Amino acid sequence: MSGAGEPHLRALQLPVVEAAQALVGCTITHGSTSGVIVETEAYHDSEPACHAFVGITARTKTLFEPAGVAYVYRSYGIHALLNVVVEPAGVGAAVLIRALEPLTGADLMRERRGREPLTELCSGPGKLTQALGIGLDLNATPLLGGPIELGPPPPGRSEPPLVIGSRIGITRAVELPWRFCAAGSRHVSRPWPRGLLA
DNA sequence: CATGGGATTGACT
DNA sequence: GTCAATCCCATGC
């Protein structure tokens, strides 16, 4: 099955930095809640900001699996963060999903997160997992045909231009421009960086 | 076995 | 703007 046409399937075949760009505009669904990806970051085992930089451990083994599974880990002891594992088995690489534009189930999202404006329900990596009900138990589950479903962009949507920036909240390899946002989206975790357009 | 540090968020000065 | 919450896990003794 080469030459997959749909963007979300194509993304799973690309190197991580290109996959991070290709995933913006695709959808994430868990149960009755879903959203359009508007912000991503790339992480690769060749650079020290990536968990997989230290090699295969109990924590990082999911990152080294074949493309198409979820890497869900606990951040700051509180939040679950969702990544899309990409690249071949043996390479530790994943795309962090940092923000979604809610598509379905906003009412349930508000039940889980409290009353909030639509633009703030999924505007952060820890917020969107809470809004969609994604927990650590879903680590290493498949993103095609699994509990979390990675899907193509909603019909009729054109792929937006991207804004490129530095990754947020890390202390190492901060210079890599591996953060990608949908230009103009009001659902991102933070205002876009100094706007370079892809 | 003890310890330090987060790919964050929300509340507060 | 600052800061605490909270827990898994990588590292070091």
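So that the names make sense, note that chain A is the first sequence line, chain B the second, and so on, each numbered from 1. Just so we're clear, the structure is a prediction, and the values are computed from it rather than from any experiment.
- A:Y71 pairs in a side chain to side chain donor-acceptor pair (under 3.5 Å) with only one of the listed residues (A:H51, A:K61, A:E65), which is A:H51.
- In this structure, A:Q130 atom CD and B:dT8 atom P are separated by 15 Å, rounded to whole Å.
- Between A:R113 and A:L81, it is A:L81 whose nearest contact on DNA chain B lies nearer the 5' terminus.
- The CZ atom of A:R179 sits 14 Å away from the C1' atom of B:dT8 (whole-angstrom rounding).
- Within the 3.5 Å criterion, the main-chain N or O of A:G25 finds no donor-acceptor partner in the side chain of A:E159.
- Remark: B:dA7 base-pairs with no nucleotide in the shown strands. Criterion, Watson-Crick or G-U wobble with two distances under 3.5 Å.
- In this structure, A:D45 atom CG and B:dA7 atom C1' are separated by 16 Å, rounded to whole Å.
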Set out, in order, the CA-CA distance, both residues' side-chain angles and the distance that settles side chain to side chain contact (heavy atoms under 4.5 Å, CB included) for A:T129 and A:V72, then state yes or no. CA-CA 9 Å; A:T129 53; A:V72 186; 5.6 Å; no
At a cut-off of 3.5 Å, list every protein nitrogen or oxygen paired with a nitrogen or oxygen from nucleotides 4-7 of chain C, distance to 0.1 Å.
residue: C:dT6; atom: O2; partner: A:Y76; partner atom: O; Å: 2.3
residue: C:dC7; atom: O4'; partner: A:G77; partner atom: O; Å: 3.4

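- Rounded to an integer number of Å, the gap from CZ of A:F53 to C1' of C:dC9 is 17 Å.
- Between the P atom of B:dA7 and the NZ atom of A:K127 lies a distance of 19 Å, rounded to the nearest Å.
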Passes side chain to side chain contact (heavy atoms under 4.5 Å, CB included), A:R112 versus A:L108? Steps please. CA-CA 6 Å; A:R112 289 169 172 153; A:L108 181 51; 3.6 Å; yes
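- Toward the 5' end of DNA chain B, the nearer of the two residues A:S123 and A:T171, judged by each one's closest nucleotide, is A:T171.
- For A:F180 and B:dA7, the CZ to P distance is 19 Å, given to the nearest whole Å.
- When distances run from any side-chain atom of A:P125 to the nucleotides B:dT9, C:dA10, B:dA7, the shortest one goes to B:dT9.
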Show me the donor-acceptor pairs, under 3.5 Å and distance only, between side chains in residues 86-100 of chain A and residues at least two apart or in other chains.
residue: A:E87; atom: OE2; partner: A:V16; partner atom: N; Å: 2.8
residue: A:R98; atom: NE; partner: A:E39; partner atom: OE2; Å: 2.9
residue: A:R98; atom: NH2; partner: A:S189; partner atom: OG; Å: 3.2

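- Of the side-chain N and O atoms in A:R98, one or more sit less than 4.0 angstrom from OP1 or OP2 of B:dT8.
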Go through the steps to decide whether A:L63 and A:D45 satisfy the test side chain to side chain contact (heavy atoms under 4.5 Å, CB included), and finish with yes or no. CA-CA 9 Å; A:L63 286 167; A:D45 63 22; over 6 Å; no
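- Panel note: side chain A:T29, backbone A:S34; no donor-acceptor pair is recorded below 3.5 Å.
- When atom types are taken as modelled, the side chain of A:H30 and the backbone of A:L132 share a donor-acceptor pair closer than 3.5 angstrom.
- One can place CD1 of A:I56 at 12 Å from P of C:dA10, the figure rounded to the nearest angstrom.
- To the nearest angstrom, P of C:dC8 lies 12 Å from CZ of A:R59.
- Proximity of a side-chain donor or acceptor of A:E47 to a complementary backbone N or O of A:A49 within less than 3.5 Å is detected.
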Table of protein N/O atoms under 3.5 Å from nucleotides 11-13 of chain C N/O atoms:
none

